Amino acid sequence: MLSVFATVLRRDLLLAWRRRADVLTALGFFLLVTSLFPLGVGPEPEQLAQIAAGVMWVAALLATLLSVTRLFESDEADGTLEQMLLSVEPLAVIVLAKVCAYWLLTGLPLVLIAPLIALQFSLSPQETGIVCATLLIGTPTLSLLGAVGAALTLGLRGGGALIALLVLPLYVPVLIFGAGAVDRWRAGLDVDGNFALLGACLLVSLAVAPLASAAALRIAQD
Amino acid sequence: MLSVFATVLRRDLLLAWRRRADVLTALGFFLLVTSLFPLGVGPEPEQLAQIAAGVMWVAALLATLLSVTRLFESDEADGTLEQMLLSVEPLAVIVLAKVCAYWLLTGLPLVLIAPLIALQFSLSPQETGIVCATLLIGTPTLSLLGAVGAALTLGLRGGGALIALLVLPLYVPVLIFGAGAVDRWRAGLDVDGNFALLGACLLVSLAVAPLASAAALRIAQD
Amino acid sequence: MSEPQSSAARLPGAPGFNLFHYASPQTFYPLAGRLLWPCWLLAAALCAIGLYIGFFVAPTDATQGDSYRIIFIHVPAAWMSMVVYLAMAFWCIVGLIFNTRLSFMMSSALAPTGALWAFVALWTGALWGKPTWGTYWVWDARLTSELILFFLYCGYMALQAAIDDPRRADRAGALIAIVGAVNVPIIYFSVKWWNTLHQGASVSLTAAPTMATTMLWGMLVMALAAWAYTVGAALLRVRAIMIERERHTDWVRQLAQGGGSRT
Amino acid sequence: MADAADTPMLSARALSCARGRVRLFAGLDLAVRPGELLQVAGGNGTGKTSLLRILCGLSEAEAGELMWRARPVREVRDDWKAGLLYLGHRNAVKDDFTPLENLRFSAAIAGEALDADRALRALVDIGLRTRLDVATRNLSQGQRRRVALARLLCGTRAALWLLDEPFTALDAAAVAQLAGAIAAHVRGGGAVIYTTHQPVDIDVPTRACVNLDDYAC
Amino acid sequence: MADAADTPMLSARALSCARGRVRLFAGLDLAVRPGELLQVAGGNGTGKTSLLRILCGLSEAEAGELMWRARPVREVRDDWKAGLLYLGHRNAVKDDFTPLENLRFSAAIAGEALDADRALRALVDIGLRTRLDVATRNLSQGQRRRVALARLLCGTRAALWLLDEPFTALDAAAVAQLAGAIAAHVRGGGAVIYTTHQPVDIDVPTRACVNLDDYAC
Ligand code: HEM
Ligand SMILES: Nc1ncnc2c1ncn2[C@@H]1O[C@H](COP(=O)(O)OP(=O)(O)OP(=O)(O)O)[C@@H](O)[C@H]1O
Ligand SMILES: Nc1ncnc2c1ncn2[C@@H]1O[C@H](COP(=O)(O)OP(=O)(O)OP(=O)(O)O)[C@@H](O)[C@H]1O
Ligand SMILES: [Mg+2]
Ligand SMILES: [Mg+2]
């Protein structure tokens, strides 16, 4: 079980390495969206600092949404998914490994680049710290929930947009707790509650999402 | 030439009709993003009205980006694209027909729903009118440019994110002129310039994008 | 396994036409090697002179104090970022028309240097913005379009990296380079078309210069240094690309057997 | 002059093809005349598919010249395109359409009008009578292939057919029927270039075979 | 008892299968014993692929019972899964990997360890020696199929192979080699259920054939 986890993780990372551009461009997307918002919204620095956390969170969410669609797609198209379903190893473990690889490739780089973007929005160091911390706990949740959506819509037409429709409602609490933390901190309130809630979201989705995705995949293949 | 345009248009619309969910969900995505934003940013009405045009434009842009990836994908996968390349009809016309169908299915509904969203952001009727008009001229440009990106990245790894990296820089001027119109109107300046520039963008991309996409498709198939 | 034959050799009338002599990698490779050192030396010398003028000869600015001296890096970098992009687009057009492999190689060799210049222009501009405008970044037309230029470079490189087949990579990249070239005039004229925070053009061929002559000289010398560096870096990289792409051809094998004689 | 039986419909001289860093074949000459059947033979990976794609203009040869009715294809690009019909490994059918819709749209994309009656008859002939209103996604492998092949049965303007492994996934009855259709086209003055790994009997007077194993580098 | 030659490895009773509104077959009984080769025959669309997917648990039958070594599959799900190997129409190879990487990862996903040497030997045996470091996306149709089939050559724990049209896209040499591998597996006490439309000679003592045309509804 551990070995299949490690193998699938390594496999997905290797695949991504073969497509290095992928990793770079997911980042590029995040950078671009966060730069686009000021363009659309107007350049007043105070206003930007006001909405910075929100914009970064929405961008992270969209970056996930945009790419998570493809989580199982290629495995489905070439028949590897059938083989995963037929494996003696539990499917949920395989799914979890895939989600881990996915997060390492899209979530983590985004968390690492976030301080730079915070700078661009002229956030203070503490605010930057809070935004990055919420992203660090929040993005794995986004990936896990995204996986469920991806599994559910697998093979359905509509793909990306349909996923968005299914998953966004689940993303909303994460977004609110995550983006809200900075606002609370600015208002002088404490943010432990937000972190606790984000952590709880992560734990719950860690427990439920792989199983739910596995079940959805079985249904999709029938 | 006209008949192949009509046929491909009809074909893509029929395909979309078979997958009704698709049309609904592109809309759903737009609705969700524009509703998420107030959540991320905080609900003060004046601030919301300030950023409304920007948010709607960014949402439209992202909705396009999210779905345009698939413009040629399925035709490529099942070999129809080969047949299009081999057709005696000019490829650019076929591409144009596909883009038209795409816009009718994703751009137009979004323009039609925009007044509702403007209401949600408490924009005035004139502002609403300006936003909708800019979207009406701007979204076809987004679709056309997106088609070039989709053709260029066809079959490549990186998919969605790579498209974003390639196309977003070209989207930025459209976004600036589009979202800027309301701001200028509010500031008491005239907005004819913005509309003229948006129109120019549309005309240029109408002339260039189908040809560029066709060229990119030929390159991709080699 | 054998080498694809030189496409330049198949050009109609190519043998008689002198310019095309250097259009094939095996003839261009040694030429590039010979040009390499002069470029480096020139770049170093000009850079030394330019910095000397910039930091010791040019007077302190009345309003900005000494912070304006960033101009000696900022402006040449900004110029080069635009010039290099145009050069890339030019080589791509040549490549598409004449079907020469070398032109595409030149284009891909130029991209990283161009991206570097765009980045330097953004970076120095941002550093300069803090003392003069009170902020690192504003969403002004010139700044934005320069940022877009940087992303275009990144897009070009990412696209090429994502395609294995060199032929397809060349042609797909060419499309981006050519379509993206529209952005360059936008950068250049943005200060005219929109009234913005950023400085307008003060160097022009038709009007009298509006800045101190020593400043102007410093900038021009630095610009020449940047040119020399760009040419040198591009030649170095194009040699590497040639070797990597043509490693299975006879001339590269001979080169390898020849004990690494560089020219 | 164009239709004189001795002018090759499509001919290639000194064709060579490289993929990645491997040259697949070189110095290949080939010609197909009206009323001729040409099989491209060779083991897996010898370049049959690559050759067919070059012959129809989907990819470019590394070197060599291609002639359509004795004129370089560059000059007669439209005639060339109008004159051929290529069916590849992939079926070019849309999963969401019924067989009938697929057939009509693929003819339209190629630029040929096709009336519903004729299309229907072709589909019935090829054995899809009971599956006419099932979306193609639900058809079996062989049935999808039949949808694609139905285009050959309903009359096409193209004089030259390029068929890449047309017999895969078909059962014995369908193979015999397709062989019949190919033979009829050839006897009617058309030409066919095809590849296959299955031994199939096609009943025509003249048949030629190019074996790519002989041209390997 | 489990390996006694007369206990069927996999057996099905009164199986029926419906797709959409069409019932494909009904009342199908079938059993395959160690050392047996079973061909599932039938025209296009008679339900061969559907049957194989039911037999390996990818889809569910409409009615009927499935037994693994004489026990209902529900009870011995893990043994059942560990005991079979299914290769479908689709190759389950990743375009971006080299053949070797593909082979090793697909074994790992199935839960089998495979050392590099053995994998390499299998690939060389199946004729991919010169393409070992080419990404699978650049291989020809037949070469991809070979990558997938290489798994059969490098020894697997699975006693029962379910092969859906294994011979498509292969050239004559590869077909013969695969037939040999199947024969060897069967002679070694394994069992194979396969479908094909090509007449292929597999040299085994006992072979059976289920023709789905006989069970059509
Ligand atoms: C990140 C921010 C900045 C960017 C992207 C940027 C970009 C550029 C570009 C592209 C040019 C060359 C265009 C031309 O020659 O017309 C340029 C020139 C120049 N920039 Fe900037 N700039 C930035 C910030 C600044 C700042 C803060 C200042 C000083 C207040 C400044 C002063 C100048 C000057 C004086 C020139 C030369 C104009 C001329 O003489 O033609 N720039 N900049
Ligand atoms: N990048 C590459 N590097 C090395 N070899 C390559 C590359 N791309 C393609 N090839 C080779 O080119 C050949 C493509 O052959 P093609 O698909 O034309 O074969 P085919 O004769 O149709 O085979 P099949 O009978 O299997 O369909 C294969 O041998 C493949 O390995
Ligand atoms: N929704 C549906 N409505 C009607 N028929 C359907 C539907 N879905 C599937 N079918 C039928 O089910 C059958 C599926 O068969 P299957 O793929 O198992 O055939 P097969 O024997 O493997 O054929 P082949 O030899 O072509 O591979 C086809 O005849 C198909 O038309
Ligand atoms: Mg082939
Ligand atoms: Mg089948």
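Residue numbering restarts at 1 for every chain, and letters A, B, ... go by the order of the sequence lines. Computed from a prediction, not measured in an experiment: that's the story for all the values here.
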Quiz prompt | Under 4.5 Å from a heavy atom of chain E, the part of L128(D) involved | solution =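 Neither part, no heavy atoms under 4.5 Å.
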Quiz prompt | Interchain contact, A169(D) with chain E, by part (heavy-atom threshold 4.5 Å) | solution = backbone
Quiz item: Would you say the side chain of E165(E) lies within less than 4.5 Å of the side chain of T168(D), judging by non-hydrogen atoms?
Solution: no
Practice problem: Compare all side-chain heavy atoms of N44(E) with those of R146(D) and state whether any distance is below 4.5 angstrom. | Solution: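 The answer is yes, as the side chains (C-beta and beyond) meet within the 4.5 Å cut-off.
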Should we say atom [atom1] of [X] is surrounded by more than 12 heavy atoms from elsewhere, each under 6.0 Å from it?
X: R90(D); atom1: CZ; result: yes
X: R187(E); atom1: CZ; result: yes
X: E60(E); atom1: CD; result: no
X: R13(D); atom1: CZ; result: no

Exercise. For R131(D) and V22(E), work out which heavy atoms get closest and say how close.
Key: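 Here R131(D) and V22(E) meet closest at NH2-CG1, 3.7 Å.
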Practice problem: Identify the heavy atoms of S140(D) and G45(E) that sit nearest to each other, and give their distance. | Solution: OG-N, 3.2 Å
Quiz item: To the nearest 0.5 Å, what is the distance between CG (L170(E)) and CD (Q198(D))?
Solution: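 Nearest 0.5 Å value for the CG-CD distance: 11.0 Å.
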Self-check item: Contact origin within A173(E) toward chain D - heavy atom pairs under 4.5 Å
Solution: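 When you check distances to chain D, no heavy atom of A173(E) falls under 4.5 Å.
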Quiz item: Taking every heavy-atom pair that is under 4.5 Å apart, which of R21(E), H89(E), Q143(E) has the most such pairs with chain D?
Solution: H89(E)
